Amino acid sequence: MKIFVDSQGNWQEYQSWHDEVVMNEPNRFKIVEVDTIPHDMVAPKFINGEFVDAYVEVSAEEQQAKEAEQVASEYEAKFKALDDEIIRAEVIDKDTEYADELRQQREALQVEFMERRGEL
């Protein structure tokens, strides 16, 4: 059985007019011989010589965890920048007043972070 495949793995059963398309654009399309066509996959693609199911169901918990991870990553960079600035103010510049201001900013950032995490 033959299938007509594009460079992204999309496919359809072979029809004679596909020959002309493959001849005109051999880098984008090809005709492949396969044993069977999968009927048990939600969104089958033909990639690297085999059918794979491109549909991946993501649970609400997985989506929420991914969003929480993104928020944590975003705030981690902000916390690190503030912590570095606090250390610089205290140790290098010996400016405790500025370091205290930065600590207040960090506390506000911590509250903001907790609120965003709570929204998820």
Side-chain angles (χ1 to χ4, degrees):
M1 168 181 303
K2 291 181 182 180
I3 60 171
F4 174 73
V5 183
D6 71 12
S7 58
Q8 296 176 338
N10 300 308
W11 63 275
Q12 58 183 263
E13 290 187 41
Y14 170 79
Q15 297 179 24
S16 59
W17 62 269
H18 289 140
D19 291 326
E20 186 175 341
V21 174
V22 172
M23 281 188 354
N24 290 333
E25 297 185 65
N27 293 332
R28 290 188 53 210
F29 301 100
K30 61 185 173 183
I31 297 170
V32 179
E33 186 75 36
V34 295
D35 293 330
T36 62
I37 293 176
H39 297 287
D40 59 342
M41 294 182 183
V42 176
K45 297 246 183 192
F46 192 80
I47 300 174
N48 296 328
E50 65 182 354
F51 287 103
V52 294
D53 198 346
Y55 176 77
V56 178
E57 188 172 328
V58 179
S59 70
E61 292 83 16
E62 291 171 321
Q63 182 65 30
Q64 185 178 19
K66 182 179 178 183
E67 290 172 4
E69 185 179 312
Q70 289 172 341
V71 168
S73 177
E74 173 188 333
Y75 278 87
E76 181 180 347
K78 292 177 181 181
F79 284 127
K80 177 157 179 23
L82 270 173
D83 290 343
D84 290 348
E85 189 68 18
I86 291 168
I87 291 168
R88 192 180 124 263
E90 281 279 350
V91 177
I92 298 171
D93 298 339
K94 307 278 191 232
D95 188 347
T96 55
E97 188 175 310
Y98 181 55
D100 288 341
E101 288 176 25
L102 292 171
R103 284 187 188 93
Q104 289 175 353
Q105 289 178 19
R106 192 183 193 293
E107 288 175 15
L109 187 64
Q110 181 73 31
V111 169
E112 179 183 314
F113 170 65
M114 296 302 281
E115 287 173 355
R116 284 227 16 226
R117 236 181 49 185
E119 292 171 1
L120 301 175

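Worth knowing before you read on, the calculation uses all heavy atoms, side chains too, and leaves out hydrogens, waters and symmetry mates. Everything numeric in this text was worked out from a predicted model, so none of it was measured.
No single ILVMFWY cluster, assembled from side-chain heavy atoms under 4.5 Å apart, contains both I86 and V91. A continuous path of hydrophobic side-chain contacts links W11 to V32 [ILVMFWY only; heavy atoms under 4.5 Å]. Hydrophobic clustering places Y75 together with M114 (ILVMFWY residues linked when any side-chain heavy atoms are closer than 4.5 Å, directly or through intermediates). Linking ILVMFWY residues whenever their side-chain heavy atoms come closer than 4.5 Å, directly or via other members, places M1 and V5 in the same cluster. Residues F79 and L102 fall within the same hydrophobic cluster, defined by Ile, Leu, Val, Met, Phe, Trp and Tyr side chains chained together at heavy-atom separations under 4.5 Å.
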Let me check something: any side-chain donor-acceptor pairs from residues 35-49 under 3.5 Å, sequence neighbours excluded? List them with distances.
unit_1	atom_1	unit_2	atom_2	d
H39	NE2	I37	O	3.4
K45	NZ	N10	OD1	2.6

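Looking at residues two or more places apart in sequence or on another chain, you find a side chain to side chain contact (heavy atoms under 4.5 Å, CB included) between E74 and K78, R116. Taking the side chain to side chain contact (heavy atoms under 4.5 Å, CB included) definition, one finds that V21 meets it with F4, W17, F29, sequence neighbours left out. Not a single salt bridge (charged side-chain N to carboxylate O under 4.0 Å, His left out) links D95 to another residue, sequence neighbours left out. A search for side chain to side chain contact (heavy atoms under 4.5 Å, CB included) contacts involving M23 returns nothing, not counting sequence neighbours. Partners of E101 according to the side chain to side chain contact (heavy atoms under 4.5 Å, CB included) rule, which considers only residues two or more places apart in sequence or in another chain, are E97, Y98.
Annotation: side chain of L109 is not in contact with side chain of Q105 (no heavy-atom distance under 4.5 Å).
The distance from atom CG of N27 to atom CG of D6, rounded to the nearest 0.5 Å, is 13.0 Å. Of the inter-residue distances, the one linking Q15 atom CD with K2 atom NZ reads 13.0 Å to the nearest 0.5 angstrom. To the nearest 0.5 angstrom, L82 atom CG is 11.0 Å from E107 atom CD.
Shown here is E20, whose CD atom has no more than 12 heavy atoms of other residues, nucleotides or ligands within 6.0 Å. The local environment of CD in E76 is sparse, with at most 12 non-hydrogen atoms from other residues, nucleotides or ligands closer than 6.0 Å.
Salt-bridge formation is detected for the pair K80/D84: a Lys NZ or Arg NE/NH1/NH2 atom is positioned less than 4.0 Å from an Asp or Glu carboxylate oxygen. The residues R103 and E90 are annotated as salt-bridged, a charged nitrogen and a carboxylate oxygen being separated by less than 4.0 angstrom.
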